[in-house]
Amino acid sequence: MSALIFTIVLGIILLYLGFVKNKAILAPVAIAGLMITLFLLFKDWGLGSKYFHDMIVFDNFSIAFNISMVIITILIFFFGIDYYEALEFHVAEHYALMIFALTGAFLMTSFSNLIMLFLGIEILSIPLYVLAGGKKYSYRSNEASFKYFMLGSFATTIFLFGVALVYGASATFYLPEIKIFISQFNGHLPPMMLVGLLFILIGVAFKVAVAPFHFWSPDVYEGAPTLVTAFMSTVVKTAGFAAFFRLLNMGLLPLPVPLEKALWVMTGLTLLIGNLAALKQTNFKRLLAYSSIAHSGFIMLAMLSQHNTSASVILYYTFVYSLATVPIFIIFILMKRAADGSEELSIFRGLYKQKPWIAVFLTILLMSMAGIPPTSGFMAKYQVFVLSISQGYLGISIVAILMAVIGIYYYFFVMREVFTEREQSYPIQVSKINAALIVVCGVAVVMLGIFVWNLPI
Amino acid sequence: MKNFSSAIQVIPLEHYIILCTTLFCIGLVGVLYRRNTIIILMCIELMFNSVNLLLTAFSAYHSDPAGQVFVFFIMIVAAAEVAVGLSILVMMKRNVDSVDINLLNRLKW
Amino acid sequence: MVFLFYFLSAIMVISALLVVSTRSPINSVIYLIVCFITMAGHYILLNAQFLAVVQIIVYTGAIMVLFLFVIMLLNLNKITVPTKTSLTRIAALITGGLFFLVLIAATRLTFEIHPRYAFDSKIGLVSEVGKTLFGEFLLPFELSSVIFISSMVGAVMFGKKDK
Amino acid sequence: MILLIILLIPFLTGSFLFLFRNNSSIRFVALAASVVNLLLTLLLAFSASASNFAINWINFMGVQFALGYDGISLIMLILTNLLFPFILLAGFNRDQKNVSQLNFLILSTQSALIGVFLAQNAFLFYVFWELALIPVYFILLIWGGDGRRSITLKFFIYTLTGSLFLLFGIIYLYHLTPGNHSTDFAIFRQLHIPESNQIWLFWILFIAFAIKMPVFPFHTWQPSTYTMAPTQGVMILAGVMTKMGIYGALRFLFPIVPLGVLYWQNTIIILSLIGVVYASTIAFRQSNLKKLVAYSSMAHISLMVAAMFVQNQFALQGLLFQVISHGVTIVALFYLVLIIKEKTGTQEFQQMGGLKLKAPQMSIIFLIVVLGSIALPLTAGFVGELLMITGLFRQSAWFAFIGGTTMILGAIYMLYAYQRVMLGEEKSTHEKITDLKSLDYLILVPLIAIILVLGIYPQPIFNLVEESVRSMQNLLSPIATVVSAIVH
Amino acid sequence: MIPHMNLALLVPALPLLGFLITGLGYKRFRNNQAGIIASSAVGLSFLISLSSLFVLRNSGQDSATLTLFNWISVGKMNIPFAFLIDHLSLTMMLIITGVGTLIHIYSIGYMHADNRVNSFFAQMNLFTFSMLLLVMGANYLILFIGWEGVGLCSYLLIGFWFENPAFNYAARKAFVMNRIGDLGFILGIILLFFTFNSVSFSEVFAQASSFQVGAPVITLITMLLLVGAVGKSAQIPLFTWLPDAMAGPTPVSALIHAATMVTAGIYMIARSSVLYILAPTTLTLITIIGLATALLGAIIGLKQNDIKKVLAYSTVSQLGYMFIALGVGAFSTAVFHVTTHAFFKALLFLGAGSIIHAMGGEQDIRKMGGLRTKMPVTYWTFLAATLAISGIPPFSGFFSKDLILSKAFEHNFILYILALGGALLTSFYMFRLLYLVFFGEQRLAGSHPHESPKVMTIPLIILAILSVFGGFLNVPTLFGGDSNFGVFLQKAMTSFSGEELSHTTEISLILISSLLIGLVILFAYRTFVTKVLVPKADGEPMSFFGKFITNKFYIDEFYATIFEKPFRFLSGFLYQKIETTILNPAIEGIGVATLKLGELVRKIQRGNMSFYFFAMVAGILLFIIFILTI
C-alpha cells in the first residue's frame, strides 16, 4: 500500500519538477523514486495485507508482479535518459504519466473488487492514451492515440456492461463473493451471468491484445513513440495478464466450460494471428507488435492450463519477455535514429559489421524472444508447454509449437538482416549508459535462462 | 422523502434490462453507423449511460448502494475520458483538418 | 409511475435514435442532452436522487457542454463528414440488431434474479450513498483523483501550444 | 569431472580466442584445444573407471545437470573430438574473414555436440541439441556461399520444427513420470506407455531425428545446405550433426517407446531404403561435385537408419562402427571437394577433368576416400556396411538386397564423380594447378589412415560398444517378449 | 601346425610390399627400377609358393590354416583374418605368381616408354596381392576382400590410360558389372553365415554334409554365390565388360582378363564344390550359362577384327567351357582348364602385345599380315598357343578341353555336340587370326614391324613351353597317365564320381574332334591364306547375320536400352520430377503457403477504424453465440 501511495506522490513530484525546466534531473528522480518503491514492495513481501474492505489485496502474487513491472519501468527510464534528450517539451509529463500508468498497473495486480479492476484499467489506460499521442505533431502518433482511445473506450463500455450484468445476477462486485455465487450453479451458469463474465473477460482481453480484440495493438504500437511502445508492450502487458490471471484465479476458477472454451478459441486465434501476421512484416516496430500478440497467445496458454505454478510461469514469461523487449526497442530506436527515421527491417542490415557487440546482444535478445535455449525465452516457453501438456491440452500445444516455429522464422529473419553485409551500414551511435544496459539485459536474459526460478505465488 | 417509493417496485426488472440493452445497442449501432468522430464519442457516452441505468436499476432491485457508487465512478471515468478524448480530437482536427474516423488509416498491415 | 417509466423510456429511445441518425453534430448533442435528462428522470424514478443530480451536473452540465464547446470551437458543424456506404450502414444495423437480440435472449433465458437484500428505498439517497462511498469505497474514490490528474495532464499537453 | 572438462574446454577456449589478434595464433590455439580434448577423450575411452558428473540445476522441473556416458555416447564423443581437429585444420592458411568468430563458433558447436552426447536427461539433451544448431546457423549464414540467406533460414526452420516436436515429446514424457516429475533418461526408460500412445509418440520424437539425419522425405534441406555451406560447416553438418540424429534415435526411441518402434519398424526401414536408392540414383544425376557428395552422404545415412531399426546386434554394431567410418570419410571427401574447388575454381563437372595429370597425389587420395565411401573391403566403410547388411538380412533378405544396391549404385556415382574430376583429358582452365600441399597431407593422411586401419582392424571399436549394444538389447528385450507373444 | 608354413604368409606379403614400395616411392624410380622391384616381388612369391607346396607335401597333411588376427568379431559372427593353404589354393597361387612373374617381366619391356610405368607396376603388384588374398583366404569374407580388390585393380588398370574417356567408361563398366555380381556374392555369404553360423571354409563344408541334396537354402546360397561368379568370370548375362576391358595395357589383359582374375569365379565355385554338389539345380544352371557363354563368345569371336577383342571373346568362350566343367560336376577339370588356359591365353595376349608393340599400337588385324618373317619368335610362340587353344594333341589345351568334352559327353549328348561345335568355332577364329596376322602380305603401309626385345620374348618362350607341355600335368589314364593333377586337387574338393567312359568311346571322341578341328583349320587356311580373304572394312554392307555377329548380337546396345537408359531416365526423373518438382516444392510449399497465409492475415489489419469496430463487435457477437450454444 505504501508503495502505491508513494508512486502516486512520485508522479506528482515529477509533474512539479517539470516547472524546474531541467530535464536532466527528471530521470534520476524517477529512477530513485522507483527504487524506493521497489524497496517498499519488497518490505510487503509475504505479508498478504488487505486494505479498505478488501478492495485491494497485496499478496505475494501482486507484489511479485509489481516488482517485475517496477524493474522494467526502471529499465525504460534508464533508456529514457538518452531518449528524452531529443524531446523538448512535456518530458516531465511523460515521466509522470508513466508513473501514473504504473499506479494503475499496481491496482490491476492487486484488485479483489471489480471496481478496482475497472479503475485500475482506466488509470492505466488514460495516461497511455495521452502517451501514445506524445508526439503531438506527428501524424502517426496522433493516429495511434486516437485509435487507442476510441477502441479502448469502446472496450470499456463492453467491460462495464459485463460488470452490470454480473452485478445484476450476483449483486456484488467482490471477486470472492462472485466465486461463491458461481459455485452454487455447479457449472451451469445462467446465460446472463455467462454473458456478463464474457464481457468482462473481453474487456481485459482487449487490454492484453488477445485476438480477435487485438486490432488496436499493431497500429498503436507502430504509431506511438517508441519508448511508450516499449512501455506498453511490457509493463502494460504484464499488468493486463496479472489482472486477467487474478480475475480467473480469484473469481472464476474453476472456469465455466463455455467460457473456458471461448478462451481457448481466443488463445488459438491469438497464436495464429499474431504469428502469421508477423511473418511478412517489413516494419520492425509492427513486427514487434505482432510478436507481442503472439506472446500473449503463449501466456494465455499458460493461464488457461490451470495449475498451481501457472502464476509463476506467467510472471516468469512476462518478465523475461519484457527484459528482452525493452533493449530490442532501444536498439531499434538507435537504428532508427541512424537511418533517418526508417522503420524497415532492412535498417538492421550491416549492423554486425558496424557494431558487432550490439549485433551479438541483439541476437541473444531475439533468440530469447524466439525461444531458443539457453535463453530465458526458451525456459519460459518450455514452462508454458510443460503446463499445457501436463494439463492435457495436446492439440493446442501442437498448434502453439507450430506457431513457435513461425515465430522463430520471423525473429531469425531479422537476425539474418543483422548478419547480412551492406555497402554502407547506418552509423549507429550508442551512448555508454545504453550500451551498458543492453549488455546487462542480454546477460540477464541468458542468466535467467540458466537460473530459472519458481516463485510460490 | 423518507418513504419515497421506487419504480423498481412496480416495474419488472426485465423492462429495465430491455431498455438498457436497447440503449446500449443504439449506441453500438451508432458507433458502427457513423463516421463522424464526435458523434461516435457521443454514442460511447450513450453506452456508458445505459450501463449506468442498468447498474442503478440492479442496485435498487438488490437494495445495495454499491451499484450506485459504481455508477458514480463510471461517471468520473467518463468525464475524464471525454476530456482526454476531446483533446485528442482537437489535436486530430489540427493535424488532418477532419473528424472522419476513416481518414486516419496510415497505420495498417 | 408506470406511465412515467414508459413515457421517459420512449423519449429516451427516440432521442437516442435521433442522436445516431441526425446529420448535424449540434443536433446530436441536443438530442443527447434530452436523452440524459430523461435518464435523470429515470434515476429519480428509481429513487437514486444522488445519481440524478450528478447526472444533470456532470453529464448535461459538464460533459455535453464540453462537447458543444468543441464542436463550436472547431466549427465542426460545417465540416461534412462523408457518410458511410449503405452497405456498411445496413451491416451496422444488422449487427446491432443481432446484438440486441442476443443480449435480450441471454438476459431473459430462464433465470430469475433474487434480490440480495430486503427492499430499502433509501439506498439511493445522498446520505446512504455518501456513507457507502466514504466507507467501503473510500480507496477508489481517492484513486479516482489519479484519473483526473492524468486526464488533466493529457488535456493540457495536447491543448497547449508549444512555441 | 573429466566429462565437464571435456565439455567446457572447447567453449572456454573459443571464448578466449577474441583476445588474440593474429589469425594464425587464433587457429593454433583452437586446434590445440581440440587436440587436448581428443586426447582426454581417448584417455576416457580406454580408462577402466567410469566417470560421471551431476549437479542439481532446476529442481522444480526435475532437471539435473548430469553428464555421463555409455559405449554409444563414447563412440559419438570419439567421433566428435576426432573430427574437430581436422575441421579446424581445414581452416588453416585459408583466406577467411573474422577468423576468431569462426573458430569460436566451431568450438562452441563442438561443446554443444559433446553436451548432446553426454547429457543424461532429456531436458539437457534438448538444450544442447538446440545449442549445437545456433553456431552452425551463424557459420552458414556468415561464411556460406551463394544463396546462403534463404537456404540457411530454410535449414534452420526445418530442423527446428522437428526439434520443437521433440520438445513436445520430452514434455509429454516428463508429465508421465511419477511423483516429482523428472526428465532423466533413466526414469523415462522405466515408463510403461500404452501402445496406442507410443504409436503417435514415436513420430513426435522421431521427426526431429528424421530431419537431422535425414530420412527420405525429410531430406530436402540437405543438398542445398551442404552445397552452400562453407567447408568447415559442411564437415560439421555431415560428419557429426547427422550422427546427432542417430544418437537421439538410439537414446529416445528404442528405450522409451519400444512398442512404437516395433509398430513403425518396417515403415521406417522401407522409407530409409527408399532413401538409399533414391539418393544414390539422384546423386548420379548431379552436375555439381559437392551436391553429389551430399546425396551420397544421404544414401549412406539412410542405410544406417535402416540398420538402426532392425535392432539386432550386427546391425547396431555395424551402425556404430559406420558412425565413425562415415564421419571420417565424409569429412575427408568434403575437404577434397574444397581443395578441388580451390584449385579449379569450380564444382561443376563440366568444367573439370584430367586433374590427375597435374595432381596425381591428390587423385590417389581422392580415389582412396572414394573407395572408402563405396565400401571396398579393407576400408572402414566395408566393415560397417557388411554388418548392417547382415543385420538387415536377418530382418528380411529383400531389405538386405535393396540396402546392398548401395554397393552398386555407390560405385556408379562415386566412380562417375572420380572419373569426371580426375580422369579424362585435361581442361584448359587447369593451367596453374599444383599438387597437394603439406597442410593437405596433414589432414588427409590421418583420415585415410583411420579409414584403412579401421577397415583392417575394426575390433577395438566393436569392443568399445559391445557392452552398450548388449544393454541396449536388454532394453529391447521387452520388445522381444512382446514379439514372441504376438508370434505365438 | 605345419612347420615353416608361416613362410606362405610371405606370398601375399611380398607383392604388397612391392606395391607399397613402388606406390609410395614412385616419383624416385627411374628407368626399369620399379619393374624390377615388382617383378622380383612376384617372382619371390612364386618361389615361396613352390616351397610351400613342398612343405605341405612333406608334412603329409592336406591343408594348413594360418590365422593372423581376429578381423571382425561381433556376437556370433567371428571372422578371423586367416589363410588356408591347400592344394587348390596352392595351384592357384602358383598360377598367379608364376604367370604373374612372366607378365611382370614382359611388362618391363612393354611399358618402358610409358611415363607412368611406376604406378603401373604398383597396381600390378596390388592386383597380385589381392588375387593371392582371394585364393588364399580361409573364409568367404577374406575371399571377398580379394574378390573386390582384384575388381578395383582391374578398374584401375583398364583405365590406366585415363586421358581417354572411352577407356574410363570401360573401366567403370567393368567395376560396376563386377559389383552387381558382388552384391549377389555378399548376400550369399550372409545367408551362408546365417545358415552355418560361420563363413570359414572348413566349418561350412564340415556342416554342409548335414544338408540334403537339393535343400532350398543351399540352392539359394549357391545361386547367390553364382551371381558373383558370373560377374567376375564374365558369363552371360554379365560378360560384356570383359571385351571392353581390353582398353587396358596388354599385359593387364593377359594377367587379369585372361589368366587370373576372370577365373576367380571358377575358383570360388570349385572351392565351394561341397555346397554345389548339394545343389543340382544350380549346377544345371551353371552348365546352361557356361554353354551359352561358350557358344556366344565363339560366335562373336568369328567376326571381330581387333586382335585383342578376338582374344577377349575367346576368353569369354573358354570361361564358358570352364563353367560347363563346373556344371557337370568336374571341378578339378575346370581348375585344370584354368591352368592350361592361363598358360596359353596369357601367351596369346602377350603375343598380341608383342605384335601391337611392333605395329606401333595398331590393333586391327585387317591392317596386319606377313609378320611371320618379321617376328619369328612371336610367330612361333603364337602358333603354339593357337594350337593349344584349338585342342590339337598333345598341346596342353587338348588335355583340358578334351576332358571337358568327355565329361560333357558323360553328362548329356546334346551338350557334347554343342560344346564340340564351340570348340570348332574356336579353332576357326583362332586360325583366322593367326593367318591374317602372320601370313600373306603386309597390309599396313609405312610400318616397319620388328621383333620385340628379349625381355618380352623370353616370357613368351617360357609360356610357349608351358602351353605345349602343360597338359602333361594331367595325363589321363587313357594315355597311360594317372591324372596327377586331378588327384592332387581331389584333396581340396569333391567331385561327382560318375562312371568312367570306356576307353574306346573316349578314343573315338578324341578322333572325331581332332579330325573336325583339322578340317576347320584347313578351311581357315583356304579362306584366309589361299584366297587371301580379308574381312571387310567397317563401312561396307554385310549380310544380316554378319552384321549381327559383327555387332556382338547388339547385346551392349540391348543392355544400354534396358538398363543404362532407364537408369539415366530414372535418375533424371527422380531428380527433376520428384526432388525438384514435388518434394522440394512440397516442403517449400508449406513455407510459401504459410507466408501467403501470413500476408492474408496481415491484410485483415486494414487500418480502418470502422472496420476495427465491426470486427470487434462481430467477435463479441460470435463469442456470445458461441458460449450460449455450446
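No part of C:Thr88 comes within reach of chain B, as not one of its non-hydrogen atoms sits under 4.5 angstrom from that chain. Contacts between B:Leu41 and chain C at a heavy-atom distance below 4.5 Å involve backbone atoms as well as side-chain atoms. Only the side chain of B:Met91 comes within less than 4.5 Å of a heavy atom of chain C; its backbone N, CA, C and O stay farther away. With a 4.5 Å cut-off on non-hydrogen atoms, C:Ala48 touches chain B through its backbone and its side chain both. Residue contact with chain B, scored on non-hydrogen atoms closer than 4.5 Å, is absent for C:Ala91. The contact between B:Glu45 and chain C is made by backbone and side chain atoms together, counting heavy-atom distances below 4.5 Å. For a residue to count as touching a neighbouring chain, one of its non-hydrogen atoms must lie under 4.5 Å from one of that chain's; by this rule B:Leu13 touches chain C with the side chain only. Interface residue B:Leu28: only side-chain heavy atoms are found under 4.5 Å from chain C. For B:Phe24, the part sitting under 4.5 Å from any heavy atom of chain C is the side chain, from C-beta outward, and nothing else.
With chain C as the partner, the residue from B:Leu19, B:Val82, B:Val90, B:Val84 showing the most heavy-atom pairs under 4.5 Å is B:Leu19. Options C:Gly154, C:Gly97, C:Ser144 differ in how many heavy-atom pairs under 4.5 Å they form with chain B, and the most are formed by C:Ser144. No other option in B:Ile39, B:Leu89, B:Val10, B:Val31 has as many heavy-atom pairs under 4.5 Å with chain C as B:Ile39. Looking only at heavy-atom pairs under 4.5 Å with chain B, the residue among C:Gly159, C:Gly96, C:Ala16, C:Pro115 that has the most is C:Pro115. In terms of heavy-atom pairs under 4.5 angstrom with chain C, the leader among B:Ile88, B:Val77, B:Ile40 is B:Ile88. Per-residue counts of heavy-atom pairs under 4.5 Å with chain B were compared for C:Val58, C:Leu4, C:Thr95, C:Leu66; the largest is that of C:Leu66. The candidate with the highest count of non-hydrogen atom pairs below 4.5 Å against chain C, out of B:Ile18, B:Thr21, B:Leu23, is B:Thr21. Per-residue counts of heavy-atom pairs under 4.5 Å with chain B were compared for C:Phe67, C:Phe99, C:Phe69; the largest is that of C:Phe67. Each of C:Ala155, C:Ser150, C:Pro140, C:Gly130 has some count of heavy-atom pairs under 4.5 Å with chain B, and the biggest count is that of C:Pro140. Among B:Thr56, B:Val71, B:Val29, the residue making the largest number of heavy-atom pairs under 4.5 Å with chain C is B:Thr56.
Taking OH of C:Tyr117 as the reference point, atom OG of B:Ser63 lies at 9.5 Å (rounded to 0.5 Å). To the nearest 0.5 Å, atom CE of residue C:Met39 and atom OG of residue B:Ser50 are 6.5 Å apart. Going from atom CZ of B:Arg94 over to atom CZ of C:Phe158 covers 10.0 Å, rounded to the nearest 0.5 Å. Of the inter-residue distances, the one linking C:Tyr6 atom OH with B:His15 atom NE2 reads 4.0 Å to the nearest 0.5 angstrom. Atoms CD1 and CZ, on B:Ile76 and C:Phe148 in that order, are 5.5 Å from each other to the nearest 0.5 Å. A distance of 10.5 Å separates CG of C:Leu103 from CD1 of B:Ile17, quoted to the nearest 0.5 Å.
Across B:Ile11 and C:Val2, no two heavy atoms sit closer than the pair CD1-CA, 3.8 Å. Heavy-atom minimum distance, B:Gly30 versus C:Val20: CA-CG1, 3.5 Å. Of all heavy-atom pairs between B:Arg34 and C:Ser21, the closest is NH1-C, 3.7 Å. Between C:Ile123 and B:Ala60 the shortest heavy-atom distance is CD1-CA, 4.0 Å. The two residues C:Gly124 and B:Gln68 come nearest to each other via the heavy atoms CA-OE1, 3.2 Å. B:Ala80 and C:Ser151 make their closest contact through O-CB, 3.6 Å (heavy atoms, listed as atom of the first residue, atom of the second, distance).
You'll find the side chain of C:Gln55 reaches within 4.5 Å of the side chain of B:Met75, heavy atoms only. Taking the side chain as every heavy atom from C-beta outward, B:Ile38 and C:Val29 never approach each other to under 4.5 Å. Side-chain contact check for C:Leu46 versus B:Tyr16: some heavy-atom pair is nearer than 4.5 Å. Between C:Leu133 and B:Phe73, the closest side-chain pair of non-hydrogen atoms falls below 4.5 Å. By the 4.5 Å heavy-atom criterion applied to side chains, C:Tyr43 and B:Asn52 are counted as neighbours. By the 4.5 Å heavy-atom criterion applied to side chains, C:Met12 and B:Leu53 are counted as neighbours.
Taking the centre of each ring, C:Phe119 and B:Tyr61 stay at or above the 6.0 Å mark.
B:Phe72 is linked by a ring-ring contact (aromatic ring centres under 6.0 Å, His included) to C:Phe50, counting only residues two or more places apart in sequence or in another chain.
Other residues, nucleotides and ligands contribute at most 12 non-hydrogen atoms within 6.0 Å of the CZ atom of C:Phe7.
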